[in-house]
Amino acid sequence: MPEGDTIFRTARALGRALAGRPITGFRSTYPMLTRCHDDAPLTGQTVDRVEPRGKWLLMHFSGGATLVTHMLMNGSWHIYRPGQAWQRPRADMRILIETRDYHAVGFRVPVAEMHTAQSLARNSRIPQPQIDVLGESFDADEAVRRLLSHSEEAIADVLLDQCVLAGIGNVFKSEVCCVTGVHPYCKVSALTPAQARGLVAAARKLVSANVLEDSGDAIVTYGGRQRRTTHESDPGANLWVYGRAGQPCRRCGGPIAHRLQGLNARVTFWCPRCQPMPDDSDVDG
Ligand SMILES: [Zn+2]
């Protein structure tokens with residue numbers, strides 16, 4: 001699933017291609033979107049800006065409407081020049097927004113809703129900007145308070161809660177715990193205040209590092225990548241622990257552990273030596 005950094009880069013690219021240019025065509029396979037377009041045509045309007053919010057992408061139109069999409073596992077936005085061949089089958093197209101210079105195509109985007117400013121503010125699934133770890137108005141103190149309110153849950157599960165920190169997905173979950181030395185199964189109530197603050201700071205820092213202009217497609221949290229000369233194709237080469245089960249910890253050399261965690265059984269990776277469990281704080285074994 002795309003995490004916050006991917007959505008941020010997608011929004012940035014879409015914004016550069018579309019913003020300020022008149023829309024010349026709009027199509028969708030979703031009846032709800034085409035009905036909105038029939039009622040208040042997007043053609044002739046412009047895209048004011050494209051905003052990432054956690055894992056959600058918000059496209060604001062000059063007429064006041066906002067197209068909100070979520071990629072879940074398989075959705076993606078592509079940008080093409082008019083006439084350029086698409087890299088995905090036509091049948092996968094769900095949304096097409098055309099300007100004179102660029103076409104934006106949403107392929108297999110599973111969640112797509114048209115909102116007004118009012119319905120957007122009321123919607124509890126779409127995070128407000130101050131909850132987004134990449135948001136300019138992100139409030140770290142408030143994020144620590146939200147995190148600590150889940151006192152009986154395991155920290156790794158709480159990091160995935162998009163109402164606590166929007167934009168953290170399964171890869172960053174393990175990486176954030178690793179760089180802060182916190183066991184992913186540690187109960188939130190067992191965290192020290194410094195650990196709670198450190199987790200929030202690490203979440204913002206690691207995701208932010210992946211939206212720099214020169215950051216590539218791979219998620220990078222392990223700073224030693226530049227020193228490596230081999231195994232560059234290893235999907236875990238850029239990461240501290242994610243995807244590295246059984247491989248040596250980059251700090252202590254011990255084997256990286258992994259286990260399915262939480263109600264949704266999401267895989268978690270950690271170093272048992274560098275991320276020790278405080279006494280009596282194990283949530284669910
Ligand atoms: Zn270790």
Side-chain angles (χ1 to χ4, degrees), residues 1 3-5 133 140 143-144 147-148 150-161 164-165 167-210 212 215-285:
M1 185 186 291
E3 305 201 17
D5 55 332
V133 288
V144 170
L147 187 144
L148 292 176
H150 294 257
S151 58
E152 294 307 302
E153 295 170 48
I155 181 57
D157 293 332
V158 177
L159 286 174
L160 284 182
D161 186 336
V164 173
L165 284 172
I168 301 293
N170 211 42
V171 176
F172 282 111
K173 172 193 84 176
S174 290
E175 297 293 296
V176 165
C177 287
C178 175
V179 299
T180 39
V182 172
H183 194 293
Y185 283 78
C186 180
K187 223 190 235 186
V188 167
S189 60
L191 295 171
T192 66
Q195 281 177 323
R197 286 195 300 275
L199 285 158
V200 169
R204 185 161 164 87
K205 184 173 163 218
L206 291 189
V207 182
S208 299
N210 283 278
L212 300 176
S215 58
D217 283 339
I219 290 175
V220 179
T221 63
Y222 171 56
R225 180 173 70 137
Q226 292 79 4
R227 292 198 298 276
R228 290 179 72 92
T229 54
T230 56
H231 302 111
E232 276 298 335
S233 60
D234 174 359
N238 305 327
L239 303 169
W240 287 100
V241 287
Y242 187 88
R244 301 191 62 242
Q247 295 180 44
C249 170
R250 302 190 192 280
R251 287 204 180 96
C252 74
I256 299 297
H258 77 300
R259 198 194 286 175
L260 298 180
Q261 182 173 11
L263 292 173
N264 295 321
R266 307 294 305 279
V267 65
T268 300
F269 298 86
W270 76 100
C271 172
R273 276 197 238 170
C274 297
Q275 298 166 256
M277 177 69 85
D279 294 338
D280 302 327
S281 65
D282 202 336
V283 173
D284 53 5

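Sequential numbering from 1 along the given sequence is applied to the chain's residues. Whatever order the structure lists ligands and atoms in, that order sets their numbers, starting from 1.
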Discussion item. I want to verify a count. Protein N, O or S atoms less than 2.8 Å away from the Zn ion (ligand 1), how many are there?
Written reply: 4
Is a side-chain donor or acceptor of [X] paired with a backbone partner of [Y] at a separation under 3.5 angstrom?
X	Y	result
E175	L239	no
Q261	A156	no
E3	N170	yes

Fill in: Residues which pass side-chain contact (heavy atoms from CB on, under 4.5 Å) with A265, listed by chain and number, not counting sequence neighbours
L260
Fill in: More than 12 heavy atoms from other groups under 6.0 Å of NE2 on H150
yes
Worksheet item: Using the ring of each side chain (for Trp, its six-membered ring), is F269 parallel, tilted or perpendicular to Y242, with breaks at 30° and 60°?
Response: perpendicular
